K.L.:
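Before we start, here is the structure in question, set down as structure tokens.
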Number of protein chains: 2
Amino acid sequence: MNSQKKLEQFIQHGYKDYLPNVSIDCTIFGYHDRKLKVLLLNWKTPEGWSLPGGRVKRNESLQLSASRILSERTGLEEIFLNQFHTFGDSVFRQQRFKHTKALSKFNVDFGEDNWLLDRTLSIGFYALVDYSLVNPQPDLFTEECRWWDIYDVPGLLFDHNEMIEKALATLRHQMYYEPIGYNLLPEKFTLPEIHDLYETILEKTLDRRNFPKKLISLGIIKKLKERKNIGPHRAPFLYRFDKRNYDKALKDGLSLSF
Amino acid sequence: MNSQKKLEQFIQHGYKDYLPNVSIDCTIFGYHDRKLKVLLLNWKTPEGWSLPGGRVKRNESLQLSASRILSERTGLEEIFLNQFHTFGDSVFRQQRFKHTKALSKFNVDFGEDNWLLDRTLSIGFYALVDYSLVNPQPDLFTEECRWWDIYDVPGLLFDHNEMIEKALATLRHQMYYEPIGYNLLPEKFTLPEIHDLYETILEKTLDRRNFPKKLISLGIIKKLKERKNIGPHRAPFLYRFDKRNYDKALKDGLSLSF
DNA sequence: ACAAAAGTGTTGTCTTTACACCCATGG
DNA sequence: CCATGGGTGTAAAGACAACACTTTTGT
């Protein structure tokens, strides 16, 4: 089946395989060059950028669905994925979708009462991924998929700006009682790197000496014997997460002061 | 329209007014006699206890819907209500509902493909209410509505036990960075009362002298000149929440140690 | 030798915890 | 006058915040 046929099939008969009235949208955070990034898609029609999202298959769990959607856009499996809120209160989400004309580019007959145009709640997940491992892929509905700096995000379709806000707020909050970083950083990283990551996300300067103390004393990160070559400067030591203590902290929670 | 007619109308044509495939369930916490309570409904059929829940009207926000459901069962308006998770992963929630026979008590023809029997995600809210103000009301589907001690909750229908667990975990977590109590206690309360409330929910003994210090120093509770008469013992002072500081703390967050 | 970034420890302050005796009331 | 629960302060320990000079490396 070619793309156009697949698209047509999905638009006209998708409700047989997918739940109507519900979608999933993922805020996918990456970190690169001291900037927090988010992965966005550019729609063919209606024109505009949005979060990557999708529908829930009728025989699929929400977690699996989100993880499928994410893997389709990034190529990654088994990444950190967290359900944070279900959106149904904004004006966009209390009525039917009205852009039947705007959808004409697809050359598929939607029809007034197409299932995709009905009121749709969206279950929001956020993901933390290693920027360097992602190969952004657009889908049938979209022309382009790429990273945006979190502070340059354009006006998005629907309530997606609100979703990113809430995802970010949740992430920030979470950083105080769970370790993060395992999914955003390469396996081996330096203290300045993780320090910058925390400063970037929290938008706050953190003491260069005090910051790592806690993580080290909790056993969450371990110093390696290797150093990273960073050109014309002193080579910093590499560290890595101690997965055992990290997971324990994730599970039991902790309280970071910063 | 009488009850039976209403029921029939809802079962057979409800999908015109309500979103299919989605419901809302509320974990309503109350506090009485040093025990944390939760409000449960006893279904006519399938027999068993469950959380109070309902469907989302097509033109209604989720928040409003939850608050309507809650007010129908408790008679209360404007109470603390928090969306905490959307459930769709348990086996019950990945398939159609199979108990067509079990539904026969209603004397309404459901039919194999009734909208109510399709896979249903549930958006979980939890509420904190003043036990003494609640007048539990069953609905068309249920015989009885009453409080259960949180540790005596019976096996519930579907994944509702899991929901209560998660609601409680969320509540406990929340207590460390937001004040609670305003919605669970009467307007005026004593230090032993709020102390017991916290101990009960957190399942932890809290120092009788240290505990109130924080709340008082943050300005969240204020001492009144009145005392409460508790019979044959020294009359304890009454306190009340300072709504200004309380709401500020709710909004900005705080960090309680306990 | 210089510029740029990394590495490292101590001290003062604040927060948290632990703890015990006296007081008020009703029966 | 006794039983029960309420009220109150201080000191020690631990956590946190502030802070500056030296080392490494490449050009």
Side-chain angles (χ1 to χ4, degrees), chain A residues 33-35 175-177 179 181 185-186 188-200 202-240 249 252-258, chain B residues 33-35 175-177 179 181 185-186 188-200 202-240 249 252-258:
Chain A
D33 196 19
R34 304 196 176 190
K35 295 270 166 47
M175 290 177 75
Y176 288 99
Y177 62 90
L185 291 171
K188 296 172 181 181
F189 53 87
T190 67
L191 285 190
E193 281 168 355
I194 193 172
H195 178 237
D196 285 342
L197 171 66
Y198 271 73
E199 285 198 338
T200 301
L202 294 175
E203 280 192 292
K204 206 193 239 197
T205 58
L206 303 172
D207 187 273
R208 223 171 87 231
R209 278 172 281 190
N210 293 334
F211 168 75
K213 273 181 202 163
K214 194 89 174 239
L215 294 180
I216 292 169
S217 74
L218 288 166
I220 286 173
I221 61 174
K222 296 275 190 228
K223 191 175 186 170
L224 302 177
K225 298 231 167 74
E226 308 163 66
R227 293 160 182 269
K228 179 173 184 179
N229 190 322
I230 54 160
H233 307 298
R234 181 173 185 168
F237 279 100
L238 286 165
Y239 285 72
R240 82 165 141 229
D252 302 348
L254 43 77
S255 165
L256 297 167
S257 43
F258 301 149
Chain B
D33 196 20
R34 303 196 179 192
K35 294 271 167 45
M175 290 176 76
Y176 288 100
Y177 61 90
L185 291 171
K188 296 173 181 181
F189 53 88
T190 67
L191 285 189
E193 280 167 356
I194 192 171
H195 178 237
D196 284 342
L197 171 66
Y198 272 74
E199 285 197 338
T200 301
L202 293 176
E203 278 192 293
K204 206 193 240 196
T205 58
L206 303 172
D207 188 274
R208 220 171 91 233
R209 278 173 281 190
N210 294 334
F211 168 76
K213 274 182 201 163
K214 194 87 173 242
L215 295 180
I216 291 168
S217 74
L218 288 165
I220 286 173
I221 61 175
K222 297 274 190 226
K223 192 175 189 171
L224 302 176
K225 300 233 166 70
E226 307 162 66
R227 293 161 182 268
K228 179 173 183 178
N229 190 323
I230 54 161
H233 307 298
R234 180 173 186 168
F237 279 99
L238 285 165
Y239 285 71
R240 80 164 144 228
D252 302 348
L254 44 77
S255 166
L256 297 168
S257 42
F258 302 147

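All figures in this text were calculated on a predicted structure; none of them were measured in a lab.
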K.L.:
Which sits closer to the 5' end of DNA chain D, F237(B) or L256(A), going by the nucleotide each is nearest to?
P.N.:
F237(B)
K.L.:
Let me know the distance between CD1 of I194(A) and P of dA5(C), rounded to the nearest Å.
P.N.:
20 Å
K.L.:
Which nucleotide sits closest to the side chain of I230(B): dG7(D), dG5(D), dA6(C)?
P.N.:
dG5(D)
K.L.:
Using the side chain to side chain contact (heavy atoms under 4.5 Å, CB included) rule, take L256(A) and M175(A) through it: C-alpha gap first, then chi angles, then the decisive distance, then the call.
P.N.:
CA-CA 8 Å; L256(A) 297 167; M175(A) 290 177 75; over 6 Å; no
K.L.:
dG6(D) P sits how many Å from F189(B) CZ, rounded?
P.N.:
15 Å
K.L.:
In this structure, are over 12 heavy atoms from other groups packed under 6.0 Å from R227(A) atom CZ?
P.N.:
yes
K.L.:
Quick one: are P179(A) and L215(A) in side-chain contact, heavy atoms under 4.5 Å?
P.N.:
no
K.L.:
Would you indicate whether the side-chain heavy atoms of L202(A) and F258(A) approach each other to under 4.5 Å?
P.N.:
yes
K.L.:
Heavy-atom distance under 4.5 Å between the side chains of I230(A) and P236(A), does that happen here?
P.N.:
yes
K.L.:
Please write out the pairs of protein N or O atoms and N or O atoms of nucleotides 10-15 of chain D separated by less than 3.5 Å, giving the distance to one decimal.
P.N.:
unit_1, atom_1, unit_2, atom_2, d
dT10(D), O4, K213(B), NZ, 3.1

K.L.:
Would you give a per-nucleotide map of nucleotides 21-27 of chain C, 5' to 3', where B means the base has a protein non-hydrogen atom under 4.0 Å away, S means only the sugar-phosphate does, and - means neither?
P.N.:
--BBBS-
K.L.:
Has H195(A) got a side-chain atom pairing as donor or acceptor with P212(A)'s backbone, closer than 3.5 angstrom?
P.N.:
no
K.L.:
Once you round it to whole Å, what is the distance between P of dA18(D) and CZ of F258(A)?
P.N.:
15 Å
K.L.:
Of all the nucleotides listed (dA6(C), dA18(D), dA20(D)), which has the minimum atom distance to the side chain of D207(A)?
P.N.:
dA18(D)
K.L.:
Nearest-Å distance, CD1 (I221(B)) to C1' (dG7(D))?
P.N.:
14 Å
K.L.:
If I take atom CZ in residue R209(B) and atom P in nucleotide dT15(C), what distance separates them, rounded to the nearest angstrom?
P.N.:
20 Å
K.L.:
Let's go through L191(A) and Y239(A) carefully: what are the C-alpha distance in whole Å and the side-chain angles of both, what is the deciding distance for side chain to side chain contact (heavy atoms under 4.5 Å, CB included) to 0.1 Å, and is it a yes or a no?
P.N.:
CA-CA 7 Å; L191(A) 285 190; Y239(A) 285 72; 3.3 Å; yes
K.L.:
Distance check, rounded to the nearest 0.5 Å: K188(B) atom NZ versus E193(B) atom CD?
P.N.:
13.0 Å
K.L.:
Can you measure L206(A) atom CG to dA18(D) atom P for me and round it to whole angstrom units?
P.N.:
11 Å
K.L.:
Out of dT8(C), dA18(C), dG6(D), which nucleotide sits closest to the side chain of K223(A)?
P.N.:
dT8(C)
K.L.:
Please examine the side chains of T200(A) and K35(A), heavy atoms only from C-beta on, and report whether any two atoms are closer than 4.5 Å.
P.N.:
no
K.L.:
Once you round it to whole Å, what is the distance between P of dA6(C) and OH of Y239(A)?
P.N.:
12 Å
K.L.:
H195(B) has an atom NE2; how far is it from atom P of dT8(D), in whole Å?
P.N.:
15 Å
